[in-house]
Amino acid sequence: MMAQFEEVSKQSSLHPKPAGLVLQYGTAGFRTNSKHLDHIMFRVGLLAVLRSKKTKATIGIMVTASHNPEEDNGVKLVDPMGEMLAATWESYATTLANAEQEELISALNEIIEKEGIDKSQEASVFVGKDTRSSSASLSQAVLDGVHALGGHSKDYGLVTTPQLHYMVCCENTQGKYGDATVEGYYKKLCQAFTQLIENASNRTDDQKHICVDGANGIGALKLREMMSHLNKGLLVTIFNDGSKGKLNHQCGADFVKVQQKPPTGIEVHPGDRCCSFDGDADRIVYYFADSQQVFHLLDGDKIATLISTFLKELLIQAGLNLRIAVVQTAYANGSSTHYLENTMNVTVRCTKTGVKHLHHAALEFDVGVYFEANGHGTVLFSKAAEDKIQQLAQDSSIDDERKRAALMLQSTINVINQTVGDALSDMLLIEAILAIRGMTVEQWDRIYTDLPNRQLKVKVSDRRVIDTTDAERRAVSPAGLQDAIDGLVKNYREARSFVRPSGTEDVVRVYAEADTQESADALAHEVSLAVYRLAGGVGDEPKPLH
Ligand code: 16G
Ligand code: MG
């Protein structure tokens, strides 16, 4: 190990840390301009080796900055079952990232001691990257870090974030989750999709057709690869495939959700079913234009409703008494929550923003459907639920209806990427559900009507003065802010508003919804003013939207 540390010191001087640069492992890992990330990548490689030794399992490292602009990059660690890195290790990541060159070895030693890591344990790390121009050299820096500390690596090259999560899970379950190859991923998902759509009656080519905005990123590439496994069960036209446009520029799921309009690079004709991926293909939103050319967005809430309704009905048909729930955040449209709780009688949980919080809450149920309104989400099945579904699917004594439902549940388990939200996998499940139901996007959209809403940002001198509780739905500090919000909300119908410090940008986010767009806009503005006045706003006072 001494020799290994010398190697780390030597190599780390080739990946020097810019003096004074401080970065934090946030909700989505490290993320900033790609110029500042070389030393971060090397050190994340080191940390992954320690994490692998500690867990005695393969760890994943994904080089991506998701929906951020092309100039940015970032990196996330993936834990053994394909989940996000454990929270205690996030702070190790931050410590390592910010250690000066001469402190690096002692920082490593400290982690080794604290975690009681067996230094002689073998380490294995899977690495993937997105299509950014900086990703190639940055993922090389990751590999350098892994090798400097004596870890084994497997470089998957260009993959989506969810594909890397899948690989890690496959490897650590000795193939039970699937084959840890890109081929294995396509085969597993596409076979399940093909089985699901056997339950759909004859579909026309129009019904099979979908327009996909690939955000000029990795999702477009991987969707094209996947199409050869789909046997014409789905007819896909890919837009923003990276051949001309710039990554995430005026396109992708984040753009469409935030701007509430179609991306550039795609013409949305009435009747077309469209969807957008984000830059690393872990988010998806759907949309269409109606006959009046009015744009309709089907976000994560609509997706969660479609999927949970489908699953709940299958569970009833299969006669399985399993607990199903939908996990959302405060950003979920009030209409979706109301519909799920009061019409569908589904349990709804609300957690803080960030995938790991939703994922964690979903684990408490037999079938946990989680989605953020921004389109990141998946379904988790408990081990007990999977076993029961498996048994029933093989039971020859049950009637046809139960059997059919059990088989569909089984295929759903296989089509969904349970490790993390996955645009490719979510798209296949959504397409299968629409096909089985014989449902158009218009019909899906009409299940409930979104309450008009508005999101704004307010700049303050220190966003940490805002502290929240109740899954970010109420502010406990600064004093008087929540009372002010409550007072404003009372002036509108069906209104709701909350504020929270962003985890990814230096701003406070404001959300408001109400019975009309005018009211939602006015309320969001008034709440922004309250934040500006009570939480140390900087710059000009927020202006009304109209
Ligand atoms: C990160 C989160 C995402 C969340 C977003 C909120 C992960 C992998 N990603 O992108 O889930 O919606 O942050 O951003 O957890 P905000 O804190 O700036 O509003
Ligand atoms: Mg993403």
CD1-CG distance between I117 and L50, expressed to the nearest 0.5 angstrom: 4.5 Å
Gap separating the CD1 atom of I105 from the CG atom of L46, nearest 0.5 angstrom: 8.0 Å
N/O donor-acceptor pair under 3.5 Å between [X] side chain and [Y] backbone:
X	Y	answer
D301	S336	no
R132	P69	yes
S135	T131	no
N374	H376	yes
N216	G242	yes
R43	L96	yes
S425	N417	yes
R463	S502	yes
E83	M81	yes
D278	D254	no

Matching residue for Y186 among Q191, K222, H229, E225 - test: side-chain hydrogen bond (donor to acceptor under 3.5 Å, both in side chains): E225
Answer yes when [X] and [Y] have at least one side-chain N-carboxylate O distance shorter than 4.0 Å, and no when they do not.
X	Y	result
R224	D241	yes
D118	K53	no
R473	D470	yes
D282	K76	yes

Should [X] and [Y] count as side-chain neighbours, where that means a heavy-atom distance under 4.5 Å?
X	Y	value
T58	V125	no
R323	V367	no
V369	V326	yes
F5	L149	yes
V327	F371	no
I61	V78	no
P162	L424	no
S153	H147	yes

Salt bridge (charged side-chain N to carboxylate O under 4.0 Å, His left out) partners of K17, counting only residues at least two apart: E100
Test log, rule side chain to side chain contact (heavy atoms under 4.5 Å, CB included), inputs D72 and T32: CA-CA 5 Å; D72 286 357; T32 188; 5.7 Å; no
Check the side chains of [Y] and [X] for a donor-acceptor pair under 3.5 angstrom, ignoring hydrogens and angles.
X	Y	value
E386	Q390	no
N73	S34	no
S477	D467	no
T353	E472	yes
Y92	E90	no
D144	Q140	yes
Q328	T337	yes
Q101	S12	yes
E70	H249	no
T351	H360	no
D213	S276	yes
D486	Q482	yes
S139	D155	no

Close aromatic pair by centroid cut-off 6.0 Å: H359 and Y370: yes
Ring centre gap for F498 and Y331 strictly below 6.0 Å: yes
Might you point out which heavy atoms bring [X] and [Y] nearest each other, and give the distance in Å?
X	Y	result
P501	T468	CD-CG2, 4.4 Å
S66	D130	N-OD2, 4.5 Å
L138	L37	CD2-C, 3.9 Å
D426	G377	OD2-O, 2.8 Å
E122	S52	O-OG, 4.3 Å
Y25	L77	OH-N, 2.9 Å

Stepwise side chain to side chain donor-acceptor pair (under 3.5 Å) test for D179 and Y166: CA-CA 9 Å; D179 187 14; Y166 163 91; over 6 Å; no
Geometric cation-pi criterion K188 and Y177, 6.0 Å radius, 45° cone: yes
Greater than 12 external heavy atoms within 6.0 Å of [X]'s [atom1]:
X	atom1	answer
Q250	CD	yes
H15	NE2	yes
K352	NZ	no
K388	NZ	no

All ring-ring contact (aromatic ring centres under 6.0 Å, His included) counterparts of Y156, not counting sequence neighbours: F126
For F365, all residues meeting ring-ring contact (aromatic ring centres under 6.0 Å, His included), sequence neighbours excluded: none
Test side chain to side chain contact (heavy atoms under 4.5 Å, CB included) applied to K35 and S134, step by step: CA-CA 8 Å; K35 298 196 291 250; S134 60; over 6 Å; no
Residues L311, I324; criterion side chain to side chain contact (heavy atoms under 4.5 Å, CB included); working and verdict: CA-CA 8 Å; L311 289 175; I324 181 168; 3.8 Å; yes
Test log, rule side chain to side chain contact (heavy atoms under 4.5 Å, CB included), inputs E513 and S497: CA-CA 6 Å; E513 63 185 31; S497 180; over 6 Å; no
